[in-house]
Amino acid sequence: MNFNMLTLARELAGLTQVELVNRIPGLNQGNYSKMEKGLLNISDELLAKISYELNLPKSFFSRPTPNTDLNAVYYRKKQSISIKELGSFRAQTKVFSMNIDDLLTSIEIPAFELPKMKVTENLSADEIAHRIRVFMQLPSGPIENIIRRFESKGIIVHFINNAPEGFDGIAILTNNNQPVILVNNDLPNDRKRFTLAHELGHLVMHLRFSDITDDHKTIEKQANLFASEFLMPLDEIRNDLNRLTYGKLGLLKSFWKVSKASIIYKALQSEFIDDTKATNLRIELSRNGERKNEKIFIEIDTPILIQKIIDAHLNDLNYSKQEIIDYLSINNELFENLINRTATYKKLKLTLV
């Protein structure tokens, strides 16, 4: 019995201690609070009741505690997310990362070899983005099949359904240092692409360093500058940004596969427009109803790496679906949240280990 998993399971269900104990006759919050802290033993009978109420197998509560770092520095989120909602999401993310590590014990995916680079006086976020494009051997122009590019470099990408309102994405490293980028599936595709690039910036510039001392605002600005340059290299887009008008934004969005708001940001940061011009362009976006949902649909490819890992277990290792669920110590709902069956895949080879 790992008492830390009591808290994780409860938060995974989105319940407070009071809400949980009210569902279990004879259990009071005082005793349950001590159980979550490891100060009071829990009987097999009570654990079975808690397991039933939280819809998790008893084996879940003997798993090692996932230590995935979910420091808020690496979230793209709004402050409107409630503490309870954020606690539930953190629990889901920790269980997700634990599942990934479990699944990768028998499957080898492309190695993550992107260098880590810290922003310094002599190395800007823009320059780091340029170096990463070179390292990834990206051709000039807009990035096609961005998710496939990430997955081929060993980064697991997953689109989250029913994410907290205001949440965009997060980059994490699992206990075994597997990089994962989680993105809100409700975002427009142009924002998904910027979020992916933003979180890649965190993976390269922040997440693998233990001595980052910059404040949250500075770190987020660095990730935004990285994403902007990664998706729209200045040397290639500078002519497009000359004499930028609202009318040009649609054509540039279609070509570069980014939002009109991101193009305005790029023009402002690159000093092709000033604050007044940027404000006027954003006002025009609002007048045309494009502040939150812009016109012009942008395509994006679908994450497939997790689906391939699951399929390798089912088809190559001869697991049944229920055996995978039992092995991961989760329920059917959490298993279905792991995969996306809408994708077709090819050209990404996995190895059994």
Side-chain angles (χ1 to χ4, degrees), residues 76-78 124-126 129-130 132-133 136 138-150 157 159-161 163 165-169 181 183-201 220-303 342-343:
R76 294 197 75 217
K77 67 179 180 63
K78 297 179 181 177
S124 67
D126 308 63
H130 173 72
I132 294 299
R133 278 187 69 111
M136 293 178 69
L138 298 178
S140 60
I143 301 175
E144 303 286 347
N145 299 318
I146 187 170
I147 294 175
R148 206 70 74 250
R149 299 276 187 181
F150 280 40
V157 177
F159 288 168
I160 301 174
N161 295 316
E165 184 179 358
F167 171 82
D168 283 5
I181 296 179
V183 178
N184 186 346
N185 197 29
D186 291 333
L187 295 179
N189 289 343
D190 47 51
R191 282 183 59 189
K192 283 190 178 90
R193 286 171 58 88
F194 194 90
T195 296
L196 284 164
H198 177 103
E199 299 305 330
L200 179 65
E220 285 298 290
K221 182 179 179 180
Q222 290 169 358
N224 282 334
L225 290 171
F226 176 98
S228 181
E229 181 66 15
F230 184 77
L231 296 171
M232 300 171 282
L234 180 58
D235 287 346
E236 300 176 36
I237 198 176
R238 63 170 62 253
N239 290 336
D240 294 335
L241 299 180
N242 272 322
R243 299 179 181 178
L244 185 64
T245 64
Y246 182 78
K248 291 175 62 176
L249 289 175
L251 291 174
L252 295 180
K253 175 176 180 175
S254 295
F255 180 77
W256 287 102
K257 305 181 188 304
V258 297
S259 68
K260 296 178 181 180
S262 295
I263 296 167
I264 295 170
Y265 173 83
K266 181 70 175 182
L268 178 61
Q269 293 299 321
S270 304
E271 299 183 349
F272 283 90
I273 60 175
D274 57 18
D275 287 330
T276 301
K277 178 67 173 179
T279 298
N280 289 336
L281 288 172
R282 290 168 182 150
I283 289 173
E284 289 195 66
L285 279 178
S286 296
R287 285 175 179 167
N288 287 277
E290 296 191 270
R291 189 62 171 167
K292 291 185 178 180
N293 292 294
E294 297 179 1
K295 299 171 184 176
I296 303 178
F297 179 78
I298 300 298
E299 295 281 353
I300 192 170
D301 48 331
T302 305
T342 62

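Bear in mind that the values here come from a model prediction, so they are computed numbers and not experimental data.
We find the CG-CG distance between Leu249 and Leu244 to be 5.0 Å, quoted to the nearest 0.5 Å. The structure places CD1 of Ile237 at 11.5 Å from CG of Asp235, a figure rounded to the nearest 0.5 Å. Taken from CG in Leu285 to NZ in Lys292, the straight-line distance is 14.0 Å, to the nearest 0.5 Å. Rounding to the nearest 0.5 Å places CD1 of Ile283 at 12.0 Å from CG of Asn288. To the nearest 0.5 Å, the span separating OG on Ser262 from CD on Gln269 amounts to 11.5 Å. Note that the CD1 atom of Ile300 and the CZ atom of Arg191 stand 12.5 Å from one another [nearest 0.5 Å].
The heavy-atom pair separating Leu234 from Ser270 by the smallest distance is CD1-OG, 3.6 Å. Here the closest heavy-atom approach between residue Arg149 and residue Pro139 is recorded as NH2-CD, 3.6 Å. Residues Ser254 and Ile296 come closest through the heavy atom pair OG-CG2, 3.4 Å. Shortest non-hydrogen contact noted between Leu196 and Phe150 is O-CE2, 3.5 Å.
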Quiz item: Between His198 and Glu220, does a side chain to side chain contact (heavy atoms under 4.5 Å, CB included) hold up when you go through it step by step?
Solution: CA-CA 8 Å; His198 177 103; Glu220 285 298 290; 3.2 Å; yes
Quiz item: Between Leu225 and Lys221, does a side chain to side chain contact (heavy atoms under 4.5 Å, CB included) hold up when you go through it step by step?
Solution: CA-CA 6 Å; Leu225 290 171; Lys221 182 179 179 180; 4.2 Å; yes
Quiz prompt | Intermediate values then yes/no, side chain to side chain contact (heavy atoms under 4.5 Å, CB included), Tyr265 and Ser228 | solution = CA-CA 8 Å; Tyr265 173 83; Ser228 181; 3.9 Å; yes
Exercise. Would you please test Val258 and Leu252 for side chain to side chain contact (heavy atoms under 4.5 Å, CB included) and show each step?
Key: CA-CA 8 Å; Val258 297; Leu252 295 180; over 6 Å; no
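The side-chain heavy atoms of Arg133 and Pro233, taken from C-beta on, include a pair separated by under 4.5 Å. Between Asn242 and Arg238, the closest side-chain pair of non-hydrogen atoms is not below 4.5 Å. Within the 4.5 Å cutoff, the side chain of Trp256 has heavy atoms near those of the Glu236 side chain. In this structure the side chain of Asp168 never reaches within 4.5 angstrom of the side chain of Asn184, judged on heavy atoms. The shortest side-chain heavy-atom distance between Arg287 and Tyr246 does not fall under the 4.5 Å cut-off. Leu241 has its side chain within reach of Ile263: a pair of non-hydrogen atoms, C-beta onward, lies under 4.5 Å apart.
For the pair Glu199 (side chain) and Val183 (backbone), a donor-acceptor distance under 3.5 Å is absent. In this structure a side-chain-to-backbone donor-acceptor pair under 3.5 Å is present from Asp274 to Thr276. Not a single donor-acceptor pair under 3.5 Å links the side chain of Arg148 to the backbone N or O of Pro303. Listed for the Lys253 side chain is a donor-acceptor partner under 3.5 Å among the backbone atoms of Lys295. Between the side chain of Asp301 and the backbone N or O of Ile147, at least one donor-acceptor pair lies under 3.5 Å. A side-chain donor-acceptor contact under 3.5 Å links Lys192 to the backbone of Leu187. The closest donor-acceptor contact from the side chain of Asp190 to the backbone of Ile298 lies at 3.5 Å or more, if one exists at all. Under a 3.5 Å cut-off, the side chain of Arg282 and the backbone N or O of Ile264 do not form any donor-acceptor pair. Side chain of Arg193 to main chain of Lys257: a donor-acceptor pair is present (N/O by atom type, distance under 3.5 Å, no hydrogens or angles).
Phe226 and Phe230 have parallel rings, their planes meeting at less than 30° on a 0 to 90° scale where 60° marks the start of perpendicular.
Contact check on Asp240 versus Lys248 returns no salt bridge, with no Lys/Arg side-chain nitrogen under 4.0 Å from an Asp/Glu carboxylate oxygen. The pair Lys266-Glu229 counts as a salt bridge, with a side-chain nitrogen and a carboxylate oxygen less than 4.0 angstrom apart.
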